[in-house]
K.L.:
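Let me give you the structure first, and then I'll get to my questions.
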Amino acid sequence: MTDIDKPINFIQQVINADLEAGTVKKVITRFPPEPNGYLHIGHAKSICVNFGIAEQYDGACNLRFDDTNPAKEDEEYVHAIIEDVRWLWPQWQGDICYASNYFDQLYSWAQYLINEGKAYVCELNAVDMREYRGTLTEVGKNSPFRDRSASESLALLEQMKVGEIDEGRMTLRAKIDMASPNINMRDPVMYRIKKMAHQRTGDKWNIYPSYDFAHGQEDAIEAVSHSICTLEFAANRPLYEWFVANLPLPSTPHQYEFGRLNLNYTVTSKRKLKQLVDENHVEGWDDPRMPTISGLRRRGVSAHSIREFCDSLAVAKTDGVVDIAQFEHFIRDDLNNNACRAMCVINPVLVTLTNYSADKNEEFVVPGHPNRDDLGERSLPFSSQIYIDRNDFSEDTTLSRKKFKRLVIGDYVRLRSAYIIRADEVIRDASGEISEIIASIVPDTVGQDAPEGIKARGVIHWVSASKSADCTVKIYDRLFNKAAPDAGDENFLDNINPESLKVIEGCKVEVGLLDAQAGDHYQFEREGYFTRDSKSTRDSKGSELAFNCTIGLRDNWKA
RNA sequence: UGGGGCGUGGCCAAGUGGUUAAGGCACCGGGUUUUGAUCCCGGCAUCGGAGGUUCGAAUCCUCCCGCCCCAGCCA
């Protein structure tokens, strides 16, 4: 939006030309999800394209529910979609529209086409209709009902509408060309019978319009100037244009197609995502491993980073697969700039500082962010007993300083924002595991360089043993093991990563995080970015403090 | 196979006859650093193939190869 240097894409070129030629006065787009599932990262790109263009050209973008198939749709999805759109694009003030609001208008346009001799009620069943349609290489043949009178079709359509005809017995079809090389033009279905209540129109209708008979007209009603959809609809464009050309519409919208977003290691198909939910492979649509907007939100991915990522994507006609690393880059980039720092010891081991008085307590005031003064400061209580991570300690004194920049027995390490300490000895429990590390501080090293002769191997994070909070940490890995989980004849369920969720209890976090809220972003130093989980269903003790790992820090060091 | 669309480095992608073929991600070196993070510096392609047009082509033409979409009363 603010990138002046960013080259304009082919849709913007079209819009510029339309504006210049005066064929378009106001740019109106729409984001038209079917409420049959939750929105995912692929929809995010479409949202950014449509809302972004509307904003850029000072136009408008409607959120329009394409609710033409009550068999698959549900009100739950409508609410979830609205919530996700508002979260992703908070400044949006546009209209919420529904295809179902236009059902009456659509019906009278169907009658119009019948009267024009351009539509007819067909009594071919599904099997016969397929037979008559022909194949990719053979033309179809005309339905025996194609030439029935307008008055007869009109009467039949009314009977279909009021429920006097059984499902599957009849359809309303457009009379176009059964020999068209484009199969979509071989007398496509405009209305089919579904004796089913609709979540918004109740049982008023027993017939529902098809996507093709609805979409262009919806656009025309809303004065959409540029109807932007994905590549797979390109073959439907001639049909879209046919309805626009043959109906007395209030405006003449045009359809443009761009490549949808595909990400490796992820599946973005509402059908498959729904299957993951329905078969309990994940906890729900908002499971933090899901590529859904709600899952990403719960995971701790910011709306800003999603927008930045989508903005980095090309709006073009190529359909490629974007590397998940590109998305992760934008997630880290935003969190690095905006997340407050904190310390959390995920795998704690007790450290007792023998030369630090047991009743002494210090508070170190440290910045919330290394280079963002506006993010304030926080206070770190220090005491004679602290926790560090087991992985940050080793008894192997042969480890080189370059290879292991942490605490080694007999050697020094810097406690982040605090003292340099030396590990002196270890205490083991009955099983032989280290239960405690005995260490000592090097005095006067807080905020000071190490004295002559002492060199810390590195910097590690820690937390006061007495003044810290217990928490659970959930670490996520990619949901699928394969870059293309659903490629070819692969069953994507076979490629689910069995270790995609790791729940670690008994972690120790600085006390300040006791009132962290879901949606607050933190960087647990040397670990990664975290946010409080909005639902801690896996916790053993009810409303325990639990954090989701949004993403780990980049890790360039090779062991 | 009929129709539609697409092929620029490992990935995404600018480029619209004259540029040393942008940029980002990833990766590989090096520097800074009280986060093995961040940050900084450097490295990393002749454009699906073959012909042709032209003084000059990733950009124009021809043929070939590959990939995607369409045969739901789904969207």
Side-chain angles (χ1 to χ4, degrees), chain A residues 5-7 9 13 32-34 36 66 68-69 71-73 122 124-126 129-131 133-140 167-173 180-186 188-194 207-208 210-212 214-215 229-238 257 259 261 264 270-271 312-314 316-330 332-333 336-337 341 343 366 370-371 402-406 413-418 420 445-450 456 458-461 483 523-529 552-559:
Chain A
D5 317 330
K6 202 174 173 183
N9 62 54
Q13 289 178 27
E34 182 188 16
N36 64 344
D66 221 349
T68 57
N69 186 359
K72 294 190 173 179
E73 296 153 10
C122 178
L124 248 25
N125 62 36
M129 193 183 292
R130 190 181 318 131
E131 175 94 22
R133 187 156 37 223
T135 68
L136 293 178
T137 50
E138 303 161 68
V139 299
E167 278 188 30
R169 287 271 300 108
M170 295 180 190
T171 56
L172 180 70
R173 295 225 261 164
S180 172
N182 180 344
I183 294 187
N184 294 297
M185 299 298 271
R186 318 239 262 227
V189 169
M190 294 165 57
Y191 270 102
R192 71 292 211 199
I193 300 169
K194 280 181 189 290
I207 56 173
Y208 293 94
S210 65
Y211 166 84
D212 288 304
H215 209 91
C229 61
T230 43
L231 253 27
E232 68 269 28
F233 290 99
N236 297 58
R237 181 165 14 101
E257 312 89 22
L261 167 64
N264 59 17
K270 277 199 253 181
R271 200 208 102 227
S312 80
L313 269 13
K317 283 180 176 286
T318 43
D319 55 349
V321 181
V322 175
D323 193 331
I324 189 86
Q326 189 166 333
F327 184 28
E328 293 175 339
H329 162 78
F330 285 96
R332 287 197 181 95
D333 190 48
N336 176 51
N337 290 328
R341 310 288 122 127
M343 290 196 280
V366 306
N371 36 41
K402 193 167 170 83
K403 198 173 171 188
F404 194 76
K405 305 168 83 162
R406 313 177 187 191
V413 80
R414 160 77 68 182
L415 294 180
R416 166 115 252 231
S417 305
I420 289 176
T445 48
V446 181
Q448 313 277 333
D449 287 338
V459 181
I460 64 172
H461 56 103
Q523 181 198 98
F524 289 172
E525 290 190 280
R526 300 210 312 130
E527 294 289 358
Y529 299 97
L553 252 27
R554 270 189 50 158
D555 200 354
N556 283 336
W557 121 87
K558 35 225 176 270

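The figures here come from the full heavy-atom set of this structure, side chains too, leaving out hydrogens, waters and symmetry mates. As the structure is a computational prediction, the values presented were derived from the model and not from experiment. Convention: sequence-line order gives letters A, B, ...; per-chain numbering from 1.
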K.L.:
Using a cut-off of strictly less than 4.0 Å, decide whether R173(A) has a side-chain nitrogen or oxygen near OP1 or OP2 of C73(B).
P.N.:
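No, because none of the side-chain N or O atoms of R173(A) sits under 4.0 Å from OP1 or OP2 of C73(B).
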K.L.:
Within less than 4.0 Å of OP1 or OP2 of U34(B), is there a side-chain N or O belonging to R341(A)?
P.N.:
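It does not, given that no N or O in the side chain of R341(A) lies less than 4.0 Å from OP1 or OP2 of U34(B).
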K.L.:
Please check this pair: side chain of R186(A) against backbone of R133(A), looking for a donor-acceptor N/O pair closer than 3.5 Å.
P.N.:
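Yes; judged by distance alone, with no hydrogens or angles, the pair exists.
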K.L.:
Indicate whether OP1 or OP2 belonging to A75(B) is found under 4.0 Å from a side-chain N or O atom of T68(A).
P.N.:
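Checking A75(B) against T68(A), a side-chain N or O does come within under 4.0 Å of OP1 or OP2.
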K.L.:
Counting the atoms with a prime plus P, OP1 and OP2 as sugar-phosphate, which does F233(A) contact under 4.0 Å by heavy atoms, base, sugar-phosphate, or nothing?
P.N.:
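Counting heavy atoms under 4.0 Å across all strands, the contact made by F233(A) includes a base.
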K.L.:
When the distance from NZ of K72(A) to P of G72(B) is rounded to whole Å, what number comes out?
P.N.:
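One finds 13 Å between P of G72(B) and NZ of K72(A), rounded.
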K.L.:
Considering every strand and a 4.0 Å limit on heavy-atom distances, what is the contact class for L136(A): base, sugar-phosphate, or nothing?
P.N.:
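Here L136(A) touches the bases of the nucleic acid.
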K.L.:
Is the closest side-chain donor-acceptor distance between T445(A) and Q448(A) under 3.5 Å?
P.N.:
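Per modelled atom types, T445(A) and Q448(A) side chains form no pair under 3.5 Å.
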K.L.:
Side-chain donor-acceptor pair under 3.5 Å between R554(A) and N556(A), yes or no?
P.N.:
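The answer is yes; a qualifying pair exists.
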K.L.:
Once you round it to whole Å, what is the distance between P of C6(B) and CG of L231(A)?
P.N.:
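Whole-Å distance recorded here is 8 Å.
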K.L.:
Under 3.5 Å, is there an N or O donor on one side and an acceptor on the other linking the side chain of R406(A) and the base of G36(B)?
P.N.:
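Under the 3.5 Å cut-off, the side chain and the base do form a donor-acceptor pair.
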K.L.:
Heavy atoms under 4.0 Å, any strand shown: does M343(A) hit a base, just sugar-phosphate, or nothing?
P.N.:
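If one applies the 4.0 Å heavy-atom cut-off, M343(A) turns out to touch nothing in the nucleic acid.
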K.L.:
At under 4.0 Å between heavy atoms, what does R414(A) touch on the DNA or RNA strands: base, sugar-phosphate, or nothing?
P.N.:
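Here R414(A) touches the bases of the nucleic acid.
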